[in-house]
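What follows is a set of notes on a single structure, which appears directly below.
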Amino acid sequence: MDAVDATIERLRAQCLSRGVSGIRSLARFFRRLDQDKSRALDARELRRGLAELGMALDEAEAEGMCKRWDRDGSGTLDLEEFLRALRPPMSQAREAIIVAAFAKLDHNGDGVVTVDDLREVYSGRAHPKVQSGEWTEDEVLRHFLDNFDSPEKDGQVTLAEFQDYYSGLSTSMDTDEEFVAMMTHAWQL
C-alpha cells in the first residue's frame, strides 16, 4: 500500500467513525470549499478543509492526494473521484443489488433517474401532502429523488450518486444478506 492509499484509508476510517453520513457530510463540506465551482481543490485548500474537520494532513500527504486525482495536470484534486475513492468498498452482492434498484428506477435506461422515470415506476397520489393539496404528485417524486441527488439538486440522479447514498448505509449493515434483504424489500426487487 502506498502513502496515498494509506492516507485514504485513514480518512475513510475517520469519516466512517462519524456515522452513516460521514462521507456525504465530507462531500457537502468540500463543495462549500470549492468557491469557484471547479469541482477541484488544490493541496492548500484540501489541507485547510480537512484541518477544519479535525482530519490533519501534512503537506506531502495533501500534495500526494491532489496528484492522484489530478485529471488535467492542473495540480488540483478532482472532488468526485476523491469522494468515490473514500467510499468503502462493497461486495459484489451489494453492488449488484444497488445496480438492480437503480435500473428499476431508470425507466428509459439512459443512465440518469429523473422525475419522469419515477413517474413510470411509482405513484405519489397516496402521499398525504398530495391528498391534502399541499404538493403535486411531481413535487412528491422530486422530493423523493432529492434524497439521492448530489447537493446541487439538479433533478437527475446518476448511478454514482445512487451508489454514494447507499455506500454510507452499507457500512451500517454487518452482512451482505441483511443489506440485500433491505434493498430487495425497499425497492420491491
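For this chain, numbers begin at 1 and follow the sequence in order. Reckoned from all heavy atoms, side chains included, excluding hydrogens, waters and symmetry mates.
Residues C66 and G75 approach most closely at CB-O, 3.9 Å, considering heavy atoms. In plain terms, the two heavy atoms of A101 and F162 that are nearest each other are CB-CE2, 3.9 Å. Across L77 and L46, no two heavy atoms sit closer than the pair CD2-CD1, 3.9 Å. Nearest heavy atoms, A62 versus A43: CB-O, 3.7 Å. Here the closest heavy-atom approach between residue Y165 and residue N147 is recorded as CD1-O, 3.4 Å.
Put simply, CZ on R10 and CG on D5 are 13.0 Å apart, with the number rounded to the nearest 0.5 Å. Expressed to the nearest 0.5 Å, how far CD of E95 lies from CG of L159 amounts to 8.0 Å. For the atom pair OG (S170) and CD1 (I97), the distance works out to 12.0 Å, reported to the nearest 0.5 Å. Atom OG1 of residue T114 and atom CZ of residue R119 lie 7.5 Å apart, to the nearest 0.5 angstrom. Atoms CD and NE2, from E139 and H143 in turn, are 11.0 Å apart once rounded to the nearest 0.5 Å. To the nearest 0.5 Å, the span separating CG on D116 from CG on D138 amounts to 7.5 Å.
Shown here is E59, whose CD atom has no more than 12 heavy atoms of other residues, nucleotides or ligands within 6.0 Å.
The hydrophobic clustering, which links ILVMFWY residues whose side-chain heavy atoms are closer than 4.5 Å, places I98 and M173 together. Residues F144 and V130 are members of separate hydrophobic clusters, defined by side-chain heavy-atom contacts under 4.5 angstrom among Ile, Leu, Val, Met, Phe, Trp and Tyr. Criterion: ILVMFWY side-chain heavy atoms under 4.5 Å apart, direct or through other members. Under it, V112 and V121 are not part of a common hydrophobic cluster. When the side chains of ILVMFWY residues are joined at heavy-atom separations under 4.5 Å, either directly or via intervening members, V140 and L105 end up in two distinct hydrophobic clusters.
No donor-acceptor pair under 3.5 Å is formed between the side chain of E161 and the backbone N or O of F148. The main-chain N or O of H107 is found under 3.5 Å from a side-chain atom of D117 such that the two form a donor-acceptor pair. Without hydrogens or angle criteria, E61 side chain to D58 main chain gives a donor-acceptor distance under 3.5 Å.
E137 is not listed as a side-chain neighbour of Y122, based on a closest heavy-atom distance of 4.5 Å or more.
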Check residues 175-189 and write down every donor-acceptor pair under 3.5 Å in which the side-chain atom is one partner and the other belongs to a residue at least two apart or another chain.
residue : atom : partner : partner atom : Å
T175    : OG1  : E178    : N            : 3.0
D176    : OD1  : S91     : OG           : 3.0
D176    : OD1  : R94     : NE           : 2.7
D176    : OD2  : S91     : OG           : 3.0
E178    : OE1  : D174    : N            : 3.3
T184    : OG1  : V180    : O            : 2.7
W187    : NE1  : Y166    : OH           : 3.0

